[in-house]
Number of protein chains: 2
Amino acid sequence: MEFETEKNAGAEVFGRFRLTVDCVVFGLDFAANSLKLLLVRRGEEPFKDCWALPGGFVYGDEETPDAARRNLERKTGLTDVFLEQLYTFDSLTRDPRAGSGLNADVDRIVSVAYYALVSPEKHRLQESGGGNATDAKWFGVDDLESLDCLAFDHERIIETAIARLRGKLSYVPIGFELLERKFTLKQLRRVYEIVLGRRLESSNFRRRALGMGILEPLEDRQQSVAHRPAQLYRFNEERYRQLVASGFDFEL
Amino acid sequence: MEFETEKNAGAEVFGRFRLTVDCVVFGLDFAANSLKLLLVRRGEEPFKDCWALPGGFVYGDEETPDAARRNLERKTGLTDVFLEQLYTFDSLTRDPRAGSGLNADVDRIVSVAYYALVSPEKHRLQESGGGNATDAKWFGVDDLESLDCLAFDHERIIETAIARLRGKLSYVPIGFELLERKFTLKQLRRVYEIVLGRRLESSNFRRRALGMGILEPLEDRQQSVAHRPAQLYRFNEERYRQLVASGFDFEL
DNA sequence: AATACTTAATGTCATTTTGACATTAACCTT
DNA sequence: AAGGTTAATGTCAAAATGACATTAAGTATT
């Protein structure tokens, strides 16, 4: 084996890295009919005053999902969100801080990106909570061009996340994560319509959504609307696991 | 902003990492009707003599796809394979080398895993080529339990890769990567059958495969078979890109 | 040379799924 | 009580699917 060669090839052949996490936080704006994501304004160089994904460095004794949640709360106040690893970005030029200042001792700064789905109830940012959730703001995914600047390679991370969300929504039922626990079929449909960017015929959507067998009708119905109240449903996670285990398809 | 706090919180708050890449290399064994993957035998501690995914440490000036290809060639002799990032594994306990020996200066060793698809022509390992492609061996994905030991968290990486391959094959045409450039529809069907693990009706498969519009029939046909020779096709990548751009679905 | 054999390629058809639209139901407002 | 609004269900033609039958084009056998 060549391991010996590796080991003896001088002290510092292998790179030294710092890891960061970055979170692409998605939320739906039902009023504006648009998919939004959460950015924070950077307070320091590099990219001072630019918008950036909430994130930060990873501790030595911390796994990246924990780091993602910690930094998300620190920067935005959000907790208990659906979170999944997106992709790891390690372009040589992505972070100019490598090799200087506090990072003088590392060759590279690599980011493990996550994406998060946030329900409307959490959509409103806690301006209050002791943290510095200030300077966090929702942007429509179609309004990002209008931003003066976006830090690091975050534009690319965002593009990757949008593609992943669209792709995943079509065959994994994650749309619920963007809704309250109780929801109507119309609300669920609008999740799909906003994310996928096209109209879905309501009665056909109903047929398919209910046909998956993971929507559980609840006792109560929509309240105080000036028309026939809609049935409320919840996502039956247990049933979902059963169906996944038995090799079921959730394409919608 | 809390950035100031971060910066001033003492010299070594943030973790120091080494990065490795690990490659899950898939190949098809048409004779045995099975999906195989390539493992190498470790020559040193930890996990000495265990089987492991081909991989290695990432250099400071090297991006992970390059590191993956470099280590893949070094350990197995394989070059020019289809390669895609799989997932980043960063469990606190995944690599016992962190903090000792040559890695005394790092807190963690994190692996960015890739998966590779190999065509039958490359399937035979170059035993000759100057490198140390020795001790690399193909294993059926269903025979992994019989292995005495599998290094690090590589079992989990492999499980993740198999799930990804199955999922991706169903809606992205990557099956071609497991075949020669020219192939018959039967060969393509067998790729799907072996990977997905179920029989597909041949005439219906033909209808769908040709219906996608990305298979280009070639001049020549199958040679010297004791029956009607099959048409040879190639994957039309250009046409594929067009269709992707126009929002086409490649579910099979 | 005729026949058998094998797999490729195409065709058929009943069933299921889909997409578009119509109808009825249940609430509120006036 | 009538009208307005959206929920929920029903209808139906068209398209897609799955199972199977038939024809095509080679080699091997007699």
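Here the structure is a predicted model, which means the values were calculated and not measured. Numbers restart at 1 for each chain; the letters A, B, ... are given by sequence-line order, proteins then strands.
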In Å and rounded to the nearest 0.5 Å, what is the CG to OG1 distance from A:L38 to A:T76? 5.5 Å
Between P of C:dA9 and CD of B:Q187, the distance in whole Å: 11 Å
Given D:dA8, C:dG19, C:dA8, which nucleotide is nearest the side-chain atoms of B:R206? C:dA8
A:L252 CG to C:dG19 C1', in whole Å, measures 14 Å
Between A:M212 (CE) and C:dT17 (P), how many Å, whole number? 15 Å
Starting at atom CZ of A:R199, determine the distance to atom C1' of C:dT18, rounded to an integer number of angstrom. 19 Å
Would you check if the distance from the ring center of A:F250 to the ring center of A:Y240 is below 6.0 Å? yes
Atom-to-atom span, CD of A:Q223 to C1' of C:dC27 - whole angstrom: 11 Å
Take atom CD in B:E238; do more than 12 heavy atoms of anything else shown fall under 6.0 Å from it? no
Roughly, in whole Å, what's the span from CD in A:Q231 to P in C:dA25? 17 Å
Just by distance, no angles: are the side chains of B:R239 and B:Q242 close enough, under 3.5 Å, to form a donor-acceptor pair? yes
How does each nucleotide of nucleotides 19-28 of chain D score, in 5' to 3' order, for protein heavy atoms under 4.0 Å: base (B), sugar-phosphate only (S), or none (-)? BB---BBBS-
Atom-pair distance (CZ on A:F205; C1' on D:dT9), nearest Å: 17 Å
Can you check the B:K186 NZ to C:dA9 P distance for me, whole Å? 11 Å
Of A:Q85, A:E84, A:R164, the one forming a side-chain hydrogen bond (donor to acceptor under 3.5 Å, both in side chains) with A:Y115 is A:E84
Check side-chain contact (heavy atoms from CB on, under 4.5 Å) between A:R199 and all other residues, then give those that pass, not counting sequence neighbours. A:E193
